[in-house]
Structures are given as structure tokens and as C-alpha cells.
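Since this is a predicted model, take the numbers as computed values, not measurements. Worth knowing before you read on, the calculation uses all heavy atoms, side chains too, and leaves out hydrogens, waters and symmetry mates.
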Amino acid sequence: MLPFSLAAYLCGGATVEVAARHIGHVRTLPSAAGWRARRLLHAPHIGVGMAILQLLSLVPLAALAPQGQLAILGLEAVLFAAALTMIDDAVVRFEVGSGHSPLRIVGRHARALLAFAGVAIPGCWLVVGAGCASAVLLACLAMLFFLALRICAYCAYGKRLADLGITILIGVLALIGYALPMLLPVAMVAILWRLERRAAANRWLLA
């Protein structure tokens, strides 16, 4: 699930960057329309709607073998979760500078993802079993971790440095997951804790 999540993160970032350059507003983002779109995607009812779409996709997937269902549901969950966790670095830095804690910012941005998980995971469990529900759960947890990682990095550093650091950290975590999978959760918690401490130091900088 980590490779799927990494691919979704990189593809999403590249798509936003290309679109921003195309419209010529790289320096002025977020635009009013983009800000409204991201705010709408963070609404819990949007997460519920996407969860319903995923559950509806179980109808055509019924013709596939269990392994195929598992792979497609996991990929769908990653893509839906990536859409629900889009963030704007400028908004994140403004919020932490205004006194919001990094964890509070993460919670506000994760509302739609949590609503998606709360509907999609039990639904998949009831319809196709624990295996597919576990794939959706892992996808949601991975994207929640990446959301927290990005928010803490943007609170602590500038966008380019934060993006570079996130890419390096994801690569390190992928290597740990491949070589020492038992240490992966410990490494994830340690990295996130260190970044959160660094990000929290930037609170109230606008005061």
C-alpha cells in the first residue's frame, strides 16, 4: 500500500504544479476557486459521498477474483483519500503562524478522510469481507500519515524545502518497509513526532 500511496502523492503534487503553471498563477495561489474547492473537499459529507461511490464500484468488481478486488479497492481508496487530503502550503503556514497547533490543523484537514473511512471500511467489510476492508483501512491510514507529514513539514519549512524533505523521508520509509518492516511503524511515529515538534515552534509567529 505504501507504493500506491507514494504514487498518488507524487502524481497529485505534479498535477497541481502543472495546472498552476498553465494558468500562470503559481505565485498567487490559492485562488478563490481553488481555496473553495479544497475547503469543499475537506467537508465530511464529501467524504461520505466518495465512500458511497467506492461501495457502488463493488457491483462491477464482483466479477473479479478476490485478489483483483483487493488491488482495485485499495487503489480506489488511495485515490479518493488523496483527493480528500489536498492542502495549500500557504494556508497551513498562516494557520500555524496564527496560533493553531499542527495537530489541530491536521484534524481540520482530515475530517473528510475520516468520514470516508467511517463509511467505506464497514461497507467493504459487510459486502466483500475483511480482506478488502483491511486494504481500504491501510490506504486511509497511509494517506492520513502523509497528510500529517505534509502539514507538519509546511508548518516548519518553506514549500520547496518541505517537498524535498517529504520526498526523501518517503524514500527512507519505503526502504525501511522493504528491509525492516517491523521497524516501519516506529520510524513513522518518530519522524512525525520530530516534525510536529519543529512545526509547533512556529506557532504565533504572526502575532
Salt bridge (charged side-chain N to carboxylate O under 4.0 Å, His left out) contacts touching residues 103-116 (sequence neighbours left out): Glu95-Arg108

Heavy-atom pair with the smallest gap, counting every atom of Ala77 and Ala139: CB-CB, 3.7 Å

Hydrophobic cluster identity match, Leu56 and Val48, side-chain contacts under 4.5 Å: yes

Side-chain heavy-atom pair Arg150, Asp89 within 4.5 angstrom cut-off: no

Any Leu75 side-chain heavy atom under 4.5 Å of Leu79 side chain: yes

Linked, directly or transitively: Leu114 and Ile105 (ILVMFWY side chains, under 4.5 Å): no

Over all atoms of both residues, closest heavy-atom pair of Ala199 and Pro102: CB-CG, 3.7 Å

Over all atoms of both residues, closest heavy-atom pair of Thr85 and His42: C-NE2, 4.4 Å

Rounded distance [0.5 Å steps], NE2 in His45 versus CD1 in Ile52: 11.5 Å

Hydrophobic cluster membership, Val189 vs Leu144, 4.5 Å side-chain cutoff: no

side-chain contact (heavy atoms from CB on, under 4.5 Å) assessment of Leu195 paired with Tyr157: CA-CA 10 Å; Leu195 264 182; Tyr157 307 104; 4.0 Å; yes

Within one Ile-Leu-Val-Met-Phe-Trp-Tyr cluster: Ile166 and Leu161, side-chain cutoff 4.5 Å: yes

Distance, nearest 0.5 Å, that separates CD1 of Ile176 from CG of Leu183: 7.5 Å

Minimum side-chain heavy-atom gap Phe116-Ile46 below 4.5 Å: no

Spatial distance of atom CZ (Phe80) from atom CE (Met143) [nearest 0.5 Å]: 13.0 Å

Within-4.5 Å side-chain heavy-atom neighbours: Val96 and Ile151: no

Asp88 side chain reached by Phe94 side chain, heavy atoms, under 4.5 Å: no

same_hphob_cluster(Leu113, Leu103) at 4.5 Å side-chain heavy-atom cutoff: no

Tyr154 vs Asp163 side-chain heavy atoms within contact, under 4.5 Å: yes

Non-hydrogen side-chain atoms of Leu192 and Met188 separated by less than 4.5 Å: no

Separation of Leu58 CG from Cys132 SG (nearest 0.5 Å): 7.5 Å

Closest approach of Ala148 to Val106 (non-hydrogen atoms, all atoms of both residues): CA-CG2, 3.9 Å

Residue pair Glu76 / Leu73, side-chain heavy-atom distance below 4.5 Å: yes

Leu55 vs Val119, side-chain contact (heavy atoms from CB on, under 4.5 Å): CA-CA, chis, key distance, verdict: CA-CA 9 Å; Leu55 294 178; Val119 175; 4.2 Å; yes

Distance (rounded to the nearest 0.5 Å) between Arg194 CZ and Cys152 SG: 11.5 Å

Nearest-0.5 Å distance that lies between atom CD1 in Ile191 and atom CD1 in Ile170: 10.0 Å

Heavy-atom closest pair, residues Leu64 and Gln69: O-NE2, 3.5 Å

Heavy-atom closest contact (Leu84 atom, Gly47 atom, distance): CD1-CA, 3.9 Å

